[in-house]
Student: 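Have a look at this one.
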Amino acid sequence: MAVEREKIYECEVKRRRVKVGGGYEPFWKVKPVADALVDNDTEFRCKDCFGEVKLLGRNGKAGSVPYVEHKSPADSEYCANGMLFKKATDGREPKPSQRPVE
């Protein structure tokens, strides 16, 4: 029996922008995972709970699309985009990660 995987196709990536007074400041931008790979982004987090995610499917096999999944099952249980949250039947409410990526 195949294991069902969580597949999230949009995430936040860390970018830099020029500050008004000079220098750079970091900010998070929502992007499709495939676009983030093309742009060589390296830091990713969940766009809904801000938790850690791992990048999968980037090897580019024919017909595959890169995606991310939560590293922590606790994030998946309470993230609106998490597979475990979507499967839950106890009426839980989504909430941010207990360990958000800054």
Side-chain angles (χ1 to χ4, degrees):
M1 186 166 139
V3 175
E4 187 176 0
R5 299 211 61 143
E6 178 176 73
K7 293 185 178 184
I8 304 169
Y9 299 103
E10 266 193 344
C11 65
E12 285 190 328
V13 296
K14 195 172 220 179
R15 304 301 300 255
R16 294 183 333 158
R17 62 179 162 220
V18 178
K19 289 178 15 179
V20 173
Y24 294 96
E25 66 181 349
F27 72 101
W28 291 95
K29 179 179 181 179
V30 175
K31 288 174 107 173
V33 176
D35 291 351
L37 289 173
V38 169
D39 293 343
N40 293 319
D41 291 314
T42 58
E43 294 184 61
F44 305 86
R45 74 177 185 182
C46 177
K47 68 181 181 69
D48 295 307
C49 73
F50 312 123
E52 280 189 289
V53 294
K54 55 185 162 185
L55 181 61
L56 299 163
R58 66 173 133 186
N59 56 6
K61 290 182 183 174
S64 69
V65 177
Y67 61 95
V68 295
E69 67 180 32
H70 289 101
K71 284 187 176 181
S72 166
D75 286 345
S76 183
E77 288 176 0
Y78 288 97
C79 175
N81 215 1
M83 180 179 67
L84 297 177
F85 179 82
K86 291 175 183 176
K87 286 184 170 186
T89 59
D90 59 2
R92 65 182 67 177
E93 294 292 320
K95 62 182 180 181
S97 173
Q98 291 181 345
R99 295 182 307 166
V101 177
E102 298 295 325

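Note that this is a predicted model, so its numbers are computed, not measured. Computed from heavy atoms alone, side chains included, the values below leave out hydrogens, waters and symmetry copies.
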Student: Locate the shortest heavy-atom distance separating Arg99 from Ser72; write the atom from each residue and the value.
Tutor: NH2-CB, 4.5 Å
Student: To the nearest 0.5 angstrom, please state how far the CZ atom of Phe27 sits from the CD atom of Glu12.
Tutor: 10.5 Å
Student: Taking side-chain hydrogen bond (donor to acceptor under 3.5 Å, both in side chains) as the test, write out the residues that go with Arg17, two or more places apart.
Tutor: Glu25
Student: By side chain to side chain contact (heavy atoms under 4.5 Å, CB included), which residues pair with Val38, not counting sequence neighbours?
Tutor: none
Student: What residues, two or more places apart in sequence or in another chain, satisfy salt bridge (Lys or Arg N to Asp or Glu O under 4.0 Å) together with Lys31?
Tutor: Asp39, Asp41
Student: Mind listing the closest non-hydrogen atom pair of Trp28 and Glu102 along with its distance?
Tutor: CZ2-O, 3.6 Å
Student: Output all residues satisfying side-chain hydrogen bond (donor to acceptor under 3.5 Å, both in side chains) with Arg92, sequence neighbours left out; order by chain, then residue number.
Tutor: Asp90
Student: Are any side-chain N or O atoms of Arg45 and backbone N or O atoms of Val101, one a donor and one an acceptor, separated by less than 3.5 Å?
Tutor: yes
Student: Indicate every side-chain donor-acceptor pair of residues 74-88 with a distance under 3.5 Å to a residue at least two apart or in another chain.
Tutor:
residue	atom	partner	partner atom	Å
Asp75	OD1	Ser97	OG	2.8
Asp75	OD2	Ser97	OG	3.3
Ser76	OG	Glu6	OE2	2.7
Ser76	OG	Met83	N	3.4
Ser76	OG	Leu84	N	3.3
Asn81	ND2	Asp48	OD2	3.3
Lys87	NZ	Glu4	OE1	2.9

Student: Before you tell me yes or no, could you show the steps for His70 and Cys49 under side chain to side chain contact (heavy atoms under 4.5 Å, CB included), namely the whole-Å CA-CA distance, both residues' side-chain angles and the distance that decides it to 0.1 Å?
Tutor: CA-CA 10 Å; His70 289 101; Cys49 73; 3.5 Å; yes
Student: Which hydrophobic side chains are connected to Val33, either touching it within the sub-4.5 Å cutoff or through other members that do?
Tutor: Ile8, Val13, Leu37, Phe44, Val53, Leu55, Val68
